[in-house]
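Treat the numbers as computed from the prediction; the structure is a model and nothing was measured. Just so we're on the same page: letters track the sequence lines, and every chain starts at 1. Just the heavy atoms: all of them, side chains too, but no hydrogens, waters or symmetry mates, feed the values below.
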Amino acid sequence: MLDKKGIAKRIAQELQDGWYVNLGIGIPTLIANYIPDGMNVEFQSENGILGMGPFPFEGEEDADYINAGKQTVTIKPGGSIFDSATSFAMIRGQHIQLTVLGAMEVAENGDIANWKIPGRMVKGMGGAMDLVASADNIIVAMMHTNKRGASKLLKRCSLPLTGVACVKKVVTNMAVLDIEGGAFILRERAPGVSVEDIQNATDGKLIIEGDVPEMSI
Amino acid sequence: MLDKKGIAKRIAQELQDGWYVNLGIGIPTLIANYIPDGMNVEFQSENGILGMGPFPFEGEEDADYINAGKQTVTIKPGGSIFDSATSFAMIRGQHIQLTVLGAMEVAENGDIANWKIPGRMVKGMGGAMDLVASADNIIVAMMHTNKRGASKLLKRCSLPLTGVACVKKVVTNMAVLDIEGGAFILRERAPGVSVEDIQNATDGKLIIEGDVPEMSI
Amino acid sequence: MNKTVKDAASAIQGIKDNMTIMLGGFGLCGIPENCIAELVKAGVKGLTCISNNAGVDEFGLGLLLQQKQIKKMISSYVGENDEFERQMLSGELEVDLIPQGSLASRCQAGGAGVPAFYTPAGFGTEVAHGKEVRYFNGKPHILESALTADFAIVKAWKGDPYGNLIYKGTARNFNPLMAMAGKITIAEVEQLVEPGELDPNFVHTPGIFIQRIFQGDKFEKRIEQRTVRSST
Amino acid sequence: MNKTVKDAASAIQGIKDNMTIMLGGFGLCGIPENCIAELVKAGVKGLTCISNNAGVDEFGLGLLLQQKQIKKMISSYVGENDEFERQMLSGELEVDLIPQGSLASRCQAGGAGVPAFYTPAGFGTEVAHGKEVRYFNGKPHILESALTADFAIVKAWKGDPYGNLIYKGTARNFNPLMAMAGKITIAEVEQLVEPGELDPNFVHTPGIFIQRIFQGDKFEKRIEQRTVRSST
């Protein structure tokens with residue numbers, strides 16, 4: 001079973017040289033720590049910054065430089081600043097090669113829900129609906145089950161949707177799965193996790209083809 | 001009868017302090033020479049410049065600073081440069097208080113034609129269609145009749161239209177006319193021009209109310 | 001062309017009960033602090049506020065929420081404000097949540113005289129309710145309309161009397177878009193400089209979009225998530 | 001992330017017969033001279049060119065027209081080019097003339113993933129033929145669609161290896177919009193500077209939109225209408 005860092009590490013393996021990447025809040029943010037050596041990847045944050053560097057050193061925070069999670073950040077040489085419309089032009093116009101975000105639920109057809117629990121949580125969708133509706137390449141990073149142990153990989157989402165049939169890959173603490181033809185295709189198992197464990201934790205249609213290798217992270 | 005400079009001078013009287021103004025090629029361009037003393041008016045050119053100053057001194061021309069007529073220009077302190085989309089955002093979004101442009105024909109309902117003579121002249125509309133479709137306040141500056149002596153103020157335009165029912169005022173070498181209720185309302189006569197002269201030179205419906213004063217320019 | 005007004009109090013003249021106002025900023029970054037404080041003081045009520053976020057409980061738009069001056073919020077993310085959540089769940093506050101990119105583009109469209117456009121964002125979700133769906137290149141899109149406001153209030157780093165503005169860092173965000181979409185747009189700036197001091201080639205918001213400008217008294221520039229790395 | 005290529009010849013690799021290309025510039029101001037010269041040399045044919053203008057007879061896109069390399073022009077104003085007019089009237093050249101603001105917004109939409117939008121420009125004219133008409137606030141608008149291209153070629157003043165660009169003066173014009181709308185976008189710059197030399201806050205085109213960049217050999221920067229005042 002992976003921890004959050006492990007999920008981030010596994011997703012970092014999906015990065016390719018020269019990619020522009022938008023990372024959501026939570027587990028996705030951790031991915032920036034695991035970029036393979038020598039690989040050039042630039043991070044975009046939808047509030048209007050490209051080429052985000054590490055967090056500032058203590059005392060060097062600048063209220064005018066934040067990311068979409070409202071965290072203080074730095075900008076690297078070669079970075080740029082732009083307004084919100086240009087930022088979403090990058091996103092909607094598919095100039096970003098990879099979007100990684102968290103989810104509350106993912107369905108076997110690629111639907112995703114991550115912005116609202118009716119009557120309980122009304123934070124708003126932020127940029128998530130633009131991101132999932134636009135990106136060709138979306139990876140969801142999340143725990144396989146919720147706090148009550150119920151599967152987050154479902155036949156149909158029960159919560160209000162963020163996007164329709166848009167998720168192509170899910171990386172959880174238990175597995176790597178592709179979404180194709182209305183089903184989760186099991187690609188890899190987390191260390192120490194059996195195919196049966198994954199089956200038990202997956203409500204949506206799960207396809208298992210041949211031997212499912214264990215991840216190497 | 002006015003010459004082209006006279007037309008420009010008369011239109012300059014329509015300017016108001018604090019206005020942003022877009023001037024078309026030809027007679028409209030001359031208006032910049034007749035801004036009343038002490039009045040602040042800023043000129044926008046749709047290729048992406050606001051706060052245009054006078055032409056540069058000989059030897060100071062810069063190929064990177066032109067107006068929409070492709071003439072070399074200067075920019076005044078307080079001016080700004082922007083891309084073509086922002087420029088037309090100013091125009092379409094009605095941030096410009098006055099547009100002055102030339103025309104080949106104007107109709108009594110405010111239609112204007114100034115971009116094409118089928119089979120003969122195919123220069124294109126440039127920014128004219130955006131300008132006339134958007135501006136609240138459009139003045140046409142033109143000669144009252146064409147080279148063959150035919151009226152350019154018509155019942156209906158014979159040439160392909162640039163815009164529909166958009167012209168509110170026409171200033172010619174003979175008269176100042178408002179367009180209201182499907183007719184040209186004669187407001188002022190050019191010096192030495194009689195109401196009958198104007199009637200004879202106007203094909204569209206012309207309304208004459210009371211004494212028509214002579215322009216003071 | 002001098003658009004300078006004395007202070008925030010003069011700048012907000014004419015903002016009346018039940019008007020629609022746009023406010024720049026992302027979280028607490030790049031928000032017009034001085035005008036918000038002045039709106040609290042003025043006690044204007046029944047406002048419809050278009051702003052990406054709703055501040056936090058004791059800063060930004062949260063101050064207007066506490067005084068119940070806001071009737072309706074049009075936002076994309078409001079997760080940092082308990083009072084907001086309380087008013088929304090109790091039905092005291094109307095809320096229209098819209099995707100962030102659509103919010104940005106709708107303001108831009110409003111300023112640019114484009115009444116509506118199609119976007120893929122929100123198709124198949126609550127956001128699409130009652131909106132036209134149309135397919136382009138086989139992909140579903142929804143029709144979104146332009147947003148404008150009686151007043152837009154933006155915050156910039158530097159400005160000049162013509163209204164030309166330069167923003168700093170990610171405090172830019174929605175400010176240049178909303179600056180275009182106000183019938184009257186107010187700019188509060190950290191530094192009001194002389195005409196000619198701003199390079200025309202690097203102006204972010206051309207002065208034509210601004211009707212009033214003033215130098216703010218004080219900018220607290222509160223940080224929501226102070227995140228640092230330890231020096232090594 | 002180094003997007004630098006050696007020269008114009010390397011930059012235009014992959015531009016093939018019958019492709020659609022966008023070219024920045026207004027008149028001869030801000031046109032990608034080096035790539036145009038190289039396209040003439042390469043002899044690629046049947047091009048659809050999206051450009052506000054079509055150059056003059058012996059410069060800019062006029063050079064491609066003379067070699068009959070252009071099948072179709074999508075432009076707003078083509079008044080300075082006799083060869084253009086001849087080819088158009090004789091039917092050798094297809095021409096789609098569109099309002100300048102619509103051209104700008106259609107390129108911007110193409111780059112921004114907005115497939116279509118409504119504009120008042122062109123309602124009731126030839127431009128509206130076959131296009132949907134819809135009323136917003138009682139005013140007629142027509143539906144215009146996004147433009148994209150196999151290649152966009154832009155010209156900037158300064159650029160860095162990341163593809164970040166800064167334009168100078170009115171040479172900016174369509175360049176930033178077309179930069180966003182190319183599947184592959186080539187930037188030719190007067191000065192290629194080191195990463196970090198361009199202030200991130202004043203970059204006009206963020207590097208993400210650029211795939212190839214090079215410093216042009218020579219920029220003639222021809223002036224179409226040299227207009228001066230006499231010194232007094």
Side-chain angles (χ1 to χ4, degrees), chain B residues 15-22 35 38-53 62 64-67 73-99 127 129-138 163 166, chain C residues 1-5 22 104-117 146-149 152 156 158-167 175-185 187 192-213:
Chain B
L15 298 174
Q16 291 183 24
D17 195 56
W19 273 10
Y20 292 94
V21 177
N22 181 292
I35 308 164
M39 185 178 282
N40 288 300
V41 171
E42 296 295 328
F43 295 107
Q44 192 251 21
S45 195
E46 63 266 27
N47 60 316
I49 181 169
L50 191 64
M52 261 187 303
D62 183 338
D64 290 329
Y65 284 85
I66 65 167
N67 65 17
V73 295
T74 58
I75 185 165
K76 295 192 306 173
S80 55
I81 295 288
F82 33 86
D83 65 49
S84 301
T86 305
S87 188
F88 282 91
M90 294 175 187
I91 291 167
R92 254 193 269 99
Q94 305 194 329
H95 303 279
I96 307 266
Q97 278 76 35
L98 175 64
T99 292
M129 283 193 184
D130 307 272
L131 281 159
V132 301
S134 308
D136 259 344
N137 193 7
I138 301 171
C166 52
Chain C
M1 208 161 301
N2 191 342
K3 301 171 179 175
T4 311
V5 295
M22 277 181 185
S105 295
R106 290 175 70 180
C107 294
Q108 189 178 46
V114 167
F117 61 90
L147 288 170
T148 55
K158 295 182 182 180
D160 70 18
Y162 286 82
N164 293 306
L165 303 179
I166 287 177
Y167 308 93
N175 282 299
L177 312 167
M178 292 180 171
M180 297 165 66
K183 287 195 197 83
I184 294 174
T185 297
L192 188 63
V193 305
E194 296 295 315
E197 278 192 50
L198 303 181
D199 184 339
N201 208 36
F202 295 108
V203 162
H204 292 135
T205 290
I208 193 171
F209 296 119
I210 305 300
Q211 280 69 49
R212 302 175 190 172
I213 188 166

*Asks:* Grab the two heavy atoms, one from C/Val203 and one from B/Gly79, that are nearest each other, plus how far apart they are.
*Replies:*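 It is CG2-O, 4.4 Å.
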*Asks:* How close do C/Phe209 and B/Met90 get, heavy atom to heavy atom, and via which atoms?
*Replies:*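 Closest heavy-atom pair between C/Phe209 and B/Met90: CZ-CG, 3.5 Å.
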*Asks:* Nearest 0.5 Å, what's the CD-NZ distance between B/Gln94 and C/Lys183?
*Replies:*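 NZ of C/Lys183 is found 11.5 Å from CD of B/Gln94.
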*Asks:* With sequence neighbours left out, write down each residue that passes ring pair (Phe, Tyr, Trp, His ring centres under 6.0 Å) with C/Tyr167, or none if nothing qualifies.
*Replies:*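 Ring pair (Phe, Tyr, Trp, His ring centres under 6.0 Å) list for C/Tyr167, sorted by chain: C/His204.
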*Asks:* Of all heavy-atom pairs between C/Pro200 and B/Ile75, which one has the smallest distance, and what is that distance?
*Replies:*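 Reported closest heavy-atom pair: CB-CD1, 3.6 Å.
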*Asks:* Quick one: list whatever passes side-chain hydrogen bond (donor to acceptor under 3.5 Å, both in side chains) with B/Asp62, sequence neighbours left out.
*Replies:*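 Listed in chain order: D/Lys168.
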*Asks:* Are there residues of residues 158-165 of chain C that reach to under 4.5 Å of chain B by heavy atoms, and which ones?
*Replies:*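 From residues 158-165 of chain C, the residues near chain B are C/Asp160, C/Tyr162, C/Asn164.
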*Asks:* Can you tell me which of B/Glu42, B/Lys76, B/His95 forms the most heavy-atom pairs within a distance under 4.5 Å of chain C?
*Replies:*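 The residue among B/Glu42, B/Lys76, B/His95 with the greatest pair count is B/His95.
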*Asks:* I need the B/Thr86 OG1 to C/Ile208 CD1 distance, nearest 0.5 Å.
*Replies:*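 Interatomic distance, B/Thr86 OG1 to C/Ile208 CD1, rounded to 0.5 Å: 11.5 Å.
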*Asks:* Counting heavy-atom pairs closer than 4.5 Å to chain B, which one of C/Pro195, C/Pro206, C/Gly196 comes out on top?
*Replies:*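 Winner by heavy-atom pair count: C/Pro206.
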*Asks:* What residues, two or more places apart in sequence or in another chain, satisfy side-chain hydrogen bond (donor to acceptor under 3.5 Å, both in side chains) together with B/Ser84?
*Replies:*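 For B/Ser84 there are no side-chain hydrogen bond (donor to acceptor under 3.5 Å, both in side chains) partners, ignoring immediate neighbours.
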*Asks:* If you take all heavy atoms of C/Val114 and B/Arg92, which pair is closest and at what distance?
*Replies:*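 Smallest interatomic distance, heavy atoms only, reads CG2-NH1, 3.5 Å.
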